[in-house]
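Below is one structure, written out as structure tokens, with a few remarks after it.
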Amino acid sequence: MKKKDKKIDIAFYSKMYQLMYRSRKFEEIVMQLWHEGTIFGEMHMSVGEEAIHASIIKNLEDGDAIAVDHRGTAPFFMRGIDPISLLLEFIGHKDGLCSGQGGHMHLFSREHNMTSSGIVGATGSTAMGFALSHKYKNNKNIAVALFGEGAINQGMLLESFNMTSALELPVLFVCKDNNWAITTQSDSVTGGVLLDRAQGFGIAGEKINGLDFQESFSRIGYAIKTIRKTGKPYFIHATCVHREGHFLGDQLIALHRTTGKILGDLVGSLTKSLFKLKGGLVGERGESLGHILKIMTSSKHQLKSSVDPLVIAKKMLKNQGADVLSVEKKADQEIDQILKQTLQIIQGGNQL
Amino acid sequence: MKKLSFAEAVESCLMQKMAEDHSVFIMGEDVQMMRLNILARFGKNRVINTPISEAAFTGAAIAAAMSGLRPVVEVMLVDFIGVAADSFLNNASKLFDFSGGKWNAPVVYRCACGGGYGDGGQHEQSLWGWLAHIPGISVVVPSNPIDAGGLLYAAIEHDHPVFFLEHKLLAQNWLEYMGIGGRSTVQFDVPEDGAWGEVPKKWTPIPLGKLNVVREGKDITLISVGVGVHRCVEAASKLEEVSISAEILDLRSISPLDIENILQSVRKTGAVIIVDEDYKEFGLSGEIAAILAENQIEFKYGRVCTEKTIPFNRESEDETLPNVARIIHMVKKVVS
């Protein structure tokens, strides 16, 4: 395991930071385009998951597959898929990665063996299928299944745990756990310990701090090496945060960022319901109100900078004397260019 | 009468029913936060949050219903029902027949459905035809607040499984949640008369399987449900300008289907177009044609449906879903 005071490979971890930082900046453009209404529908961000994705990507080889959930931006961007084609896809442009047909929740790259699904828990069986194919072809490739802790109670995912174990298939299961399934606190609807579940199926696994890029890189690296060596699945339970909530416009996050209006509307309507004649007992109603307030307040911790994987990484690198600013400056310029070029393409009237 | 939004009508009916009947409770993903007002009033024993385990909780609701409760189960989007197919395909739908009519499951599956807000083909499907294909299940699709409340009331009182589908362009809370997200920079083609309307002070049931004649006409019958009804209304007023008089039937429930009133209308007009946001092949539009043919009616026929996976691109999406221009084009083709 890591030692905080140990001298680290600054050049390597600066590259890790660069990847995470570029992804964050790229997602900031996505946010901007969504807020402007250029991107329609829902938008689920990977902000807060960067250390996990960078750690996976930096340990993968060509031919390895990734089954991505509904938070595809960071994994696709970090794997090296043309960022302009990603932005165009999010906008629904004909020159997008999937010709504007899929949008951000349904990204596919045949060249990179990467898929997406907006159906929670579906990535387990997809990764298993890629792994089956790798084993069949007798190559050393692996498959990664990405999912949130909300998916851990989905039958098809648990069935994939069992099958990959029984059939000895090279799958890395990565559970990104922020303890929120939209507005439900996952531990309130989840029994037992997640690691025990994987181990109950005979899958080796460990819990890691997914906000810490050193720990994530080292432990995910170990997991992937083990999978390549043994051909068996491995389970990583990585804690993380979702700084933009479940998706952009998340009301719980909005509650903490804006004052007054949302809360005022909510309280007015709730007060009416609380005092309606027929309904629960007074005690039950009071309990409901307490429950609601708990949901509203306990999501706030995700916004603290102390749980931002980028802030954590940057602090560590600066303490080691790394030139973080020049890394950031270069990335800022690159991302600026991506936005400019994308806007030129859109304004060029090439849209469907 | 008072004016409510579609979403408010559903919520107010549900609250009335929960106050009247203690066996009614709601269960589903995120329901405590999504139905805050109901939670505040009735407590968490009657507003049960589930994990993301559709197969388990939709299945559990059947046995809960078999033992005397009346669950209203929320499966967020109808697209997600795919994960839970066994519960309604092989369990809920078969129980009454398998038990020789001795045991039944009064369960309501409540799902948001439909597109038109840029969410792609995995979150915008309609699927009512797919569900109604299975014997033993009722499928209800209201097009306005008064029908939403009245049909939900009837669905909860119904002694067998009912799917209650709420179109996201009508249910303001769903559109806000899935499509708007607090932005003022996006607009959608929301039918005003479907999203808002007069409702009674106290809800009473609207029987399942009774269509509503939205507009009388003599040249052609337009049959639809949900948002499609409003697209038909818009098309009909434009068709009036070219002296085509269209009758519009809002089915309200796909199953049971109000066959008698469909036959009556098409006998009168001799021409019919089905406007169906669900998929074209093997669905509602073909079923109605078959019923008309079985009843030896002579009729001209056309259909405006979703014919492929709903694309993410907004312009293509609007072209793929039934729209006013496609309806008018089809009407002119059929009556000429």
Side-chain angles (χ1 to χ4, degrees), chain A residues 34-43 89 92-94 98 100-103 105-106 117-121 150-156 181-184 186 188-190 247-252 254 266 269-270 272-274 276-281 284-285 287-289 291-292 295 351-352, chain B residues 11 15-16 18-20 29-34 36-47 49-56 76-77 79-80 82-84 117-124 176-188 309-317 319:
Chain A
W34 184 87
H35 281 290
E36 284 168 4
T38 310
I39 295 175
F40 274 89
E42 301 172 82
M43 177 50 72
E89 185 58 33
H93 194 278
K94 70 177 173 55
C98 302
Q101 300 294 298
M105 238 188 312
H106 316 109
S117 179
I119 304 299
V120 171
I152 204 83
N153 299 310
Q154 190 65 287
M156 54 190 161
I182 311 189
T183 63
T184 300
S186 297
S188 71
V189 290
T190 304
F247 47 19
L248 292 182
D250 187 320
Q251 291 258 325
L252 281 180
L266 206 60
S269 154
L270 280 177
K272 260 199 243 164
S273 307
L274 269 174
K276 283 262 185 195
L277 269 180
K278 282 185 183 168
L281 303 168
E284 283 174 352
R285 296 188 191 207
E287 194 190 26
S288 301
L289 196 64
H291 180 68
I292 292 164
I295 294 175
Q351 214 166 344
L352 269 175
Chain B
E11 182 151 286
M15 290 228 236
Q16 182 190 321
M18 285 176 78
E20 287 168 4
E29 294 145 342
D30 258 332
V31 287
Q32 290 183 344
M33 204 57 187
M34 299 281 283
L36 268 184
N37 290 313
I38 305 183
L39 173 69
R41 184 171 163 191
F42 293 96
K44 54 186 183 182
N45 287 339
R46 295 182 71 189
V47 183
N49 255 3
T50 65
I52 306 173
S53 306
E54 289 94 351
M76 283 206 164
L77 307 186
D79 314 68
F80 303 166
V83 181
Y117 64 97
D119 213 7
Q122 220 175 38
H123 285 62
E124 293 202 330
E176 173 58 43
Y177 190 68
M178 308 291 292
I180 299 171
R183 291 179 288 180
S184 55
T185 48
V186 283
Q187 275 88 40
F188 306 103
T309 296
I310 302 165
F312 174 69
N313 175 277
R314 279 292 292 131
E315 287 81 13
S316 316
E317 181 194 359
E319 278 306 303

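Note that the structure is a prediction, hence the values are computed from the model and not measured.
For the set A:Lys276, A:Glu284, A:Glu287, the entry with the most heavy-atom pairs within less than 4.5 Å of chain B is A:Lys276. Between chain A and the residues B:Met34, B:Glu317, B:Met15, B:Met178, the most heavy-atom pairs under 4.5 angstrom are made by B:Met178. The candidate from A:Ser186, A:Gly121, A:Ser117, A:Ala151 with the greatest count of non-hydrogen atom pairs under 4.5 Å with chain B is A:Ser117. Note on A:Gly249, A:Gly37, A:Gly102, A:Ser273: by heavy-atom pairs under 4.5 Å with chain B, the leading option is A:Ser273. By number of non-hydrogen pairs under 4.5 angstrom with chain A, the leading residue of B:Gly179, B:Ser53, B:Ala19, B:Ala40 is B:Ala40. Interface check for chain A: of the options B:Gly181, B:Pro51, B:Pro311, the most heavy-atom pairs under 4.5 Å are formed by B:Pro51. When each of A:Leu252, A:Val120, A:Ile152, A:Thr183 is scored by its heavy-atom pairs under 4.5 Å with chain B, the top score falls to A:Thr183. Looking only at heavy-atom pairs under 4.5 Å with chain A, the residue among B:Glu124, B:Arg183, B:Gln122 that has the most is B:Arg183.
Taking the ring-ring contact (aromatic ring centres under 6.0 Å, His included) definition, one finds that B:Tyr177 meets it with A:Phe247, B:Trp174, sequence neighbours left out. Legend: residues meeting side-chain contact (heavy atoms from CB on, under 4.5 Å) with B:Asp79, ordered by chain and number and at least two apart, are B:Leu77, B:Gln125.
Distance CD/A:Gln101 to CD/A:Glu89: 8.0 Å, rounded to 0.5 Å. Within the model, atoms CG of B:Leu39 and NE2 of A:His291 stand 6.0 Å from one another, a figure rounded to the nearest 0.5 Å. Between the CD atom in A:Glu42 and the CG atom in A:Asp250 there is a gap of 11.5 Å [rounded to 0.5 Å].
Side-chain contact between B:Phe312 and A:His106: absent, with no pair of heavy atoms (C-beta onward) separated by less than 4.5 Å. Contact annotation: the side chain of B:Ile52 never approaches that of B:Phe80 to less than 4.5 Å [non-hydrogen atoms, C-beta and beyond]. Residues A:Ile182 and B:Met76 form a side-chain contact, since some pair of their non-hydrogen atoms from C-beta on lies under 4.5 Å apart. A:Lys94 is not listed as a side-chain neighbour of B:Asn313, based on a closest heavy-atom distance of 4.5 Å or more.
Neither the backbone nor the side chain of B:Gln16 has a heavy atom closer than 4.5 Å to any heavy atom of chain A. Using a 4.5 Å cut-off between heavy atoms, B:Met18 does not touch chain A at all. When heavy atoms are compared at a cutoff of 4.5 Å, B:Thr50 approaches chain A solely by way of its backbone atoms N, CA, C and O. Only the side chain of B:Gln32 comes within contact range of chain A, with at least one heavy atom under 4.5 Å from a heavy atom of that chain. With a threshold of 4.5 angstrom between heavy atoms, A:Ser188 does not approach chain B through any atom at all. Proximity to chain B (any heavy atom under 4.5 Å) is shown, for A:Leu281, by neither the backbone nor the side chain. Contacts between A:Leu289 and chain B at a heavy-atom distance below 4.5 Å are absent for every atom of the residue. In this structure, chain B has no heavy atom under 4.5 Å from any part of A:Thr190.
When all heavy atoms are compared, the tightest approach of A:Gly118 to B:His123 is O-CE1, 3.7 Å.
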